[in-house]
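Inspection log for the structure reproduced underneath, given as structure tokens.
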Amino acid sequence: MLKATLRSFLAHKGRLLLSALAVVLSVAFVAGSLIFSDTVNRTFDRLFASSSADVTVQPREDLEAAVPTGAVATVPAGLARQLGGVQGVASAHPDVEVENVTVVDDRNESVGPTTGAPTLAVDWHVTERSVVELTSGRTPRGDGEAVLDADTADAKGVEIGDALTVQAQPGSFRVEVVGIATFTTTNPGAALVFLDPDVAATRLLGAADRATSVSVEAAPGVPDAELKRRITAELGAGAYEIRTADELAETASEELGAFLDVIKYAMLGFAGIAVLVGVFLIVNTFSMLIAQRTRELGLLRALGADRRQVRRSVLTEAVLLGLAGSTAGLAAGVGLAFGLIRLMSAFGMNLRTTEMVVGWATPVSAYVVGVGVTFVAAYLPARRAAAVSPMAALADAEVAGVGRPLRARAVAGGVVGALGAAALLGCVLSADTATAASLLGLGVVLTLVATVVAGPLLVRPVIRVLGAAFPALFGAVGRMSRRNALRNPRRTGATAAALMVGLALVGGLSVAGASMSRSFDEQIDKTLGADFVIQNANFMPFPPEVTDRVRDTEGVGLVVRQRFAPVAVRLPDGERIETTAAGYDDGVDDVARVTYAEGGTQAALADGGIAMDAGFAAEHGVRRGDRVPVEFPGGRTAAFTVAALTDMEGGEGFGMRGGLFFGMAAVEEYVPGGQDSALYVNAAAGSSPDELRDRLEATLDPYPQVRARDQADYKELVHEQIAVLLYLVYALLGLAIVIAVLGVVNTLALSVVERTREIGLLRAIGLGRRQLRRMIRLESVVIAVFGAVLGLALGLVWGVCVQQVLALEGMTAFAVPWGTVVAVVVGSAVVGVAAALLPALRASRMNVLEAIAHE
């Protein structure tokens, strides 16, 4: 049996190749994601551990801002002198490092990265731990001089002697590049500008006696943990954040991990789609191979092979396929990780491919996924093979399973589908977002399983409709192509299921994306009353001088600032909620349309007042007039009176959770040094918006990070943000289509082999080569469109339910992207034509006499 199994595997290796490709793709994404994330983690762990001081003293940050405030937390620079006297301290240095800066050249173009990495302005203090070394020019001396990192200089064409403008919170200032510093370790993608230590604090923090942290080096023989204990005793527990080098590296790695998780989970999503679609492909391939080998298996049974041996033979073939696919996939995963590392270098994160990490978990995961998928997918066909009777060796057996009833599938699919429909109905009726989301996930899984199980039941009614025009358009060829698709509903259903999965996903999320876009459009129309909104391109805050320049622009009338503040609110029900509140200038009613359940804007922005979302207030037992204690960064606290309750369709008003907002004076008092996140601008009387746009663009020309947008521009910005989320979905769809095409090609190729005698007879009675190719292409098209129709129908149902979940968060509009739906159906037909090219060509080249004599 082992010899027979190996011979069978080698005999069908060409037919199994397409199935192996599905295994290769899934394993490649799993292995590639693990290798890439392990490499980046190892590289940055080494970077953080080697560049961090023995102990670092930083400001204590009790509250995390969901939205950047622009305020820079600081410590007294004199802390370094105090710590220098602690026993066991070799040296202590006040550091200045500010992230919220923009650096522009003489053409008013930013020299910072465009990939989302920060631009850092840092004081020049080089030690043996520093990540850079001066490679040309000299160090900065006094005001007006700077050193730039070499990667940024090369990317932006900056040379020694060039002038740059640094835009920081205290104000903009000009510097001359006097030196170039090269990274000695991995460049994380940031742009670095170094200033003279004596002027850095004044220029970047606005005060010479402030620092962003203090780096402390231990004397020889003093462990980091012991030094931390002594510093804590000197400064007091809780006054500052005190971390050893290992602790600081761990914290930095955790923050980096959040970024890496996006890439890692995206790649694992690709792997999951490849696995899911690959299962259908492998099941179909083995089912068809076993059906074609019915007489062969019957002969083995007649010669004495028992059921267990036959089943084991098929599963052994599957394991061999899995091993081959996993090995190739692991190699492809190394190549994929290599490509990702090189891609990150193109974005400024200069990782070294020579330091690629392949941990033991990577090959283990690769083979578990590859072999496991093929084994599971081949189990049902193997059981079917074991059921072949010895009498099959004497019969001219038809394809196994063609005539078997689908009652079991109908019952199983109906039960699972009913449970899935109940879950989706519960999602639609639920009033709680978390519950609705959980029911949505359960309903999606169950309805997907039900559609896959019951898919063959839908083959005959749906394909009869889809192929109804074939006889009229293509005559007998069209009629035969439709009948070929109807011949084996199980096979057609399994082939179409591979395409259905991807299209259901893209259909559901396209509806969700279109609904979100329309909801935001309606919300902007209802709430935004300003002629222009001035914002940073990536929603980061900008320096106060931008606000001053905008106010001084000719034709500008009302300007309302928006700033954010991280807060924690103590509510009457005893709960402490950390969120982000917004601050506004007077005049909000002239630039926005806020609806209130109680109170109004004037009371909300008055001294000591605060506005809150009415739904949030009711949930926590807050009424208008109640006093609520609010905590701010740095331990500052104050009690505010709930002076207004908003009733916005967005659910949370202007702020984040709770819809909290108050007057700008409160933000300036309790979050000093903050920066504006947006300006709402109206044209002055006698000045048209078109004229004002040109003037604002001229005003903002020196600030490339800031743009003036009207309502249409603002909508476009929101659409772009949503589109970015959908690009991943479309990429997943592309992968699913690639594997689905492999499935259709595999099915048609095996079907051509299976129908060799039939094709020979058709050719003998006059069917031309061109007609034969057309018949196979039409069969492929109708199968692909069938999968598209099922997928889109399922996706639209999911999209309706997703929109209901979004409606609980205030996004109540519903939209179906009909253009996408039509494009997907047309694209599926094109996919069907492409998938049939090789099988149709092979069929048309058959020798007629040899085909008729085929066994």
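In what follows, every heavy atom counts, from backbone to side chain, and hydrogens, waters and symmetry copies are set aside.
- Between Gln535 and Ser677, the closest side-chain pair of non-hydrogen atoms is not below 4.5 Å.
- Listed for the Thr102 side chain is no donor-acceptor partner under 3.5 Å among the backbone atoms of Gln167.
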Exercise for the section: Go through the steps to decide whether Arg657 and Glu578 satisfy the test salt bridge (charged side-chain N to carboxylate O under 4.0 Å, His left out), and finish with yes or no. Expected result: CA-CA 8 Å; Arg657 186 182 178 190; Glu578 290 192 14; over 6 Å; no
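- A distance-only check finds no donor-acceptor pair linking the side chain of Arg563 to the backbone of Thr69 [under 3.5 Å].
- Checked by atom type and distance alone, the side chain of Gln711 pairs as donor or acceptor with a backbone atom of Leu528 at under 3.5 Å.
- For Arg561 (side chain) and Met664 (main-chain N/O), no donor-acceptor pair under 3.5 Å exists by modelled atom type.
- Asp531 places no side-chain N or O within 3.5 Å of a backbone atom of Pro689 that could act as its donor or acceptor partner.
- With Arg593 contributing its side chain and Asp525 its backbone, the two residues share a donor-acceptor pair below 3.5 Å.
- One N or O on the side chain of Thr553 and one on the backbone of Arg549 form a donor-acceptor pair closer than 3.5 Å.
- For the side-chain contact (heavy atoms from CB on, under 4.5 Å) with Thr646, the lone residue among Thr595, Leu660, Val594, Thr601 that qualifies is Val594.
- Although no hydrogens or angles enter the test, the distance criterion places no donor-acceptor pair under 3.5 Å between the side chain of Ser110 and the main chain of Pro704.
- Between the side chains of Thr165 and Arg174, at least one donor-acceptor pair of N or O atoms lies under 3.5 Å.
- A donor-acceptor pair is defined here as one N or O able to donate and one able to accept, closer than 3.5 Å; such a pair exists between the side chain of Gln803 and the backbone of Ala813.
- By the side-chain hydrogen bond (donor to acceptor under 3.5 Å, both in side chains) test, Glu545 pairs with Ser172, Tyr703, sequence neighbours left out.
- Between the side chain of Thr641 and the backbone N or O of Arg627, no donor-acceptor pair lies under 3.5 Å.
- Ile577 has its side chain within reach of Phe616: a pair of non-hydrogen atoms, C-beta onward, lies under 4.5 Å apart.
- Between Phe632 and Phe662, the two ring planes are tilted [angle within 30° to 60°].
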